[in-house]
Protein chains: 2
Amino acid sequence: MAERADPSQVPADYETDAGDRHDQLRLWLRLLSCTFLVENEIRTRLAQSFDTTLPRFDLMAQLDRVPEGLTMSALSARLMVSNGNTTGIVERLVAEGLVRRTVSDTDRRSTSVSLTAKGRAAFKTMAAQHEAWIRELFGELEPAQTKRLLSLLGAAKEAVRTSLATPRPAAAPRRRKRAKA
Amino acid sequence: MAERADPSQVPADYETDAGDRHDQLRLWLRLLSCTFLVENEIRTRLAQSFDTTLPRFDLMAQLDRVPEGLTMSALSARLMVSNGNTTGIVERLVAEGLVRRTVSDTDRRSTSVSLTAKGRAAFKTMAAQHEAWIRELFGELEPAQTKRLLSLLGAAKEAVRTSLATPRPAAAPRRRKRAKA
DNA sequence: TCCGGATCCTTGACGTCTAAAAATTCTCGC
DNA sequence: GCGAGAATTTTTAGACGTCAAGGATCCGGA
């Protein structure tokens, strides 16, 4: 955190002046800053308390739910990240002895990933602390507000999913210029 | 997107079974997945339509609000990222001719960053499209729901800020093991 | 059988992010 | 003036993240 910019020094919320007629944009910006605020704090605490990272924690959380293990693809889908990304995180967790990879008997292309005993124990500890942190961070929120927010966010998520499922006109796919040395 | 894992293949929402007594944790997980959903889509569209990235767009958005420019630190604070990070993004935007750096007359340590004419024009176009996308994604949401959500998220954000401002016991700061070659 | 396509995963190039250390420059008490 | 310390930014090392390309394997017909 030593060098991290201090948002409290900024005169106001740079999320609030998007105009009155643009509630959806404002909603998005607020969602973003809210998530960012919590995420950064959790990331820092995970590093300080457990010498780990959010992606590692998230991956272990998914594995903890499925004792028999998950394939790389299933894991990637759950984490909503690319397969290539998952490869790297699993690699590091294996190096730390928290996770195990097993090549499938029936399909040699596919490998199953699962928590080791050490990994399961480590996750248990971290998960408890993690939830305590979340409770702490949202502690000021009334239970009724929490429930209402939960429900509205559910609706928002559904709305976005619906919109994403509806194919768009596909506006002239412009090729990338960058990405070539 | 070619290789990106498909979340729709996942049996259900892996965000919903955190238990009934843990609303705050559920709230956090839902917040996270909601943000992620929108963020990934916007990121993809920015790449396809404008050959740019979210961080570049965000940085330009901040500069667009302050025609006279911002120092690196001020910019970092507004973006809520580290100074080192800002350095890299600004570098690339300068290379693209969208942003300009000026060393301060009164303090040679500090540099002011501002949009070029080209950058301002590019941002104008992108910002309009960006808002249209957001409107599209949240389009299914009732205006009343949007307003309610906006207000509740404001409360949530305030709650988190309050919690962050309250100094914690500072549980035994464990030193990092990694981060040494 | 054998070959073309699909599937699973990893690799490679690049961009974004952090924390911490290093490099500059400024400020201020003496 | 001068030197200690503060302030501003860049640099560095490493972890994530994307997409696209490649390698291995599997499967389903001719």
Side-chain angles (χ1 to χ4, degrees), chain A residues 1-6 9 36 39-41 43-44 46-48 51-59 70-77 79-93 95-96 101 103-113 175-181, chain B residues 1-6 9 36 39-44 46-48 51-59 70-77 79-93 95-96 101 103-113 173 175-181:
Chain A
M1 204 92 81
E3 180 261 353
R4 184 63 167 288
D6 182 0
Q9 298 299 47
F36 211 60
E39 193 172 345
N40 275 341
E41 183 66 17
R43 184 202 321 289
T44 302
L46 275 179
Q48 289 183 347
D51 188 31
T52 192
T53 66
L54 214 31
R56 279 162 160 95
F57 177 78
D58 288 345
L59 194 150
L70 287 169
T71 66
M72 292 296 288
S73 292
L75 193 48
S76 300
L79 293 170
M80 299 202 288
V81 302
S82 69
N83 261 340
N85 187 9
T86 304
T87 296
I89 302 174
V90 166
E91 231 161 50
R92 289 171 209 113
L93 286 173
E96 294 178 29
R101 314 183 49 155
V103 176
S104 163
D105 292 336
T106 63
D107 186 341
R108 249 174 312 173
R109 291 169 304 179
S110 147
T111 66
S112 175
V113 186
R175 214 46 255 125
R176 297 199 64 135
K177 298 173 298 199
R178 244 187 312 281
K180 259 294 170 286
Chain B
M1 204 91 81
E3 181 262 353
R4 183 62 167 289
D6 181 0
Q9 299 299 48
F36 211 62
E39 193 171 345
N40 274 340
E41 182 65 16
I42 295 296
R43 185 199 320 287
T44 302
L46 275 178
Q48 289 183 345
D51 189 31
T52 193
T53 66
L54 213 34
R56 280 161 161 96
F57 177 78
D58 288 346
L59 194 150
L70 288 168
T71 66
M72 291 297 287
S73 291
L75 193 48
S76 300
L79 293 171
M80 298 201 288
V81 302
S82 69
N83 260 341
N85 187 7
T86 304
T87 297
I89 302 175
V90 165
E91 233 162 47
R92 289 171 208 112
L93 286 173
E96 295 177 29
R101 312 184 51 154
V103 175
S104 163
D105 292 338
T106 61
D107 186 342
R108 248 173 312 176
R109 288 170 305 181
S110 142
T111 66
S112 175
V113 185
R175 212 47 256 128
R176 299 199 62 133
K177 298 175 296 199
R178 244 186 313 281
K180 259 296 171 283

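Naming convention: chains lettered A, B, ... in sequence-line order (proteins, then strands); numbering from 1 in each chain.
- The distance from the CD atom of A:E96 to the OG1 atom of A:T52 is 6.0 Å, given to the nearest 0.5 Å.
- D:dT8 atom P lies 14 Å from atom CG of B:L70, rounded to whole Å.
- Between the P atom of C:dT18 and the CG atom of B:L79 lies a distance of 10 Å, rounded to the nearest Å.
- At the phosphate of C:dT16, OP1 or OP2 sits under 4.0 Å from a side-chain N or O atom of B:R92.
- B:L93 approaches B:R56 most closely through the heavy-atom pair CD2-CG, 3.8 Å.
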| request: Any chance you could lay out the salt bridge (Lys or Arg N to Asp or Glu O under 4.0 Å) test for B:E39 and B:R43, step after step, and finish with the verdict? | output: CA-CA 6 Å; B:E39 193 171 345; B:R43 185 199 320 287; 3.7 Å; yes
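- Listed pair B:T53 / C:dT16 meets the phosphate criterion, a side-chain N or O lying under 4.0 Å from OP1 or OP2.
- For A:T86, no side-chain nitrogen or oxygen approaches OP1 or OP2 of C:dC9 to under 4.0 Å.
- B:T86 and B:S76 share a side-chain donor-acceptor pair at under 3.5 Å.
- Summarising the geometry of B:L79 relative to A:F36, their closest heavy-atom pair is O-CE2, 4.0 Å, with the distance given to 0.1 Å.
- OP1 or OP2 of C:dT10 sits under 4.0 Å from a side-chain N or O of A:R101.
- Between B:N83 atom CG and C:dA20 atom P the separation is 15 Å, expressed in whole Å.
- For B:F57 and C:dT16, the CZ to P distance is 14 Å, given to the nearest whole Å.
- Each of C:dC17, C:dC9, C:dG15 was ranked by its minimum atom distance to the side chain of B:R56; first place goes to C:dG15.
- If you take OG on A:S112 and CG on A:D107, they are separated by 12.0 Å, rounding to the nearest 0.5 Å.
- Map A:P55 and B:T71 each onto its nearest nucleotide of DNA chain D; the residue landing nearer the 5' end is B:T71.
- Between A:S73 and the phosphate of C:dC9, there is a side-chain N or O to OP1/OP2 separation shorter than 4.0 Å.
- Rounding to whole angstrom units, CG of residue A:L54 and P of D:dG14 are separated by 21 Å.
- One finds a side-chain N or O of B:S82 lying less than 4.0 angstrom from the OP1 or OP2 phosphate oxygen of C:dT18.
- For A:N85 and D:dT18, the shortest distance from a side-chain N or O to OP1 or OP2 is below 4.0 Å.
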| request: Output, in order, the C-alpha distance, side-chain angles, deciding distance and verdict of side chain to side chain contact (heavy atoms under 4.5 Å, CB included) for B:V90 and B:L75. | output: CA-CA 10 Å; B:V90 165; B:L75 193 48; 4.1 Å; yes
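- When rounded to the nearest whole Å, the span between CE of B:M80 and P of C:dA19 equals 14 Å.
- Here the P atom of nucleotide C:dT18 and the CD atom of A:Q48 are 15 Å apart, to the nearest Å.
- Scanning both residues, B:F57 and B:L46, for their nearest heavy atoms gives CB-CD1, 3.9 Å.
- As a whole-Å value, the separation of A:F36 CZ from C:dC17 P is 7 Å.
- Between B:T87 and D:dT10 there is a side-chain N or O to OP1 or OP2 distance below 4.0 Å.
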Atom pairs under 3.5 Å: protein N/O with N/O of nucleotides 26-28 of chain C:
from, atom 1, to, atom 2, distance (Å)
C:dC26, OP1, B:R108, N, 2.9

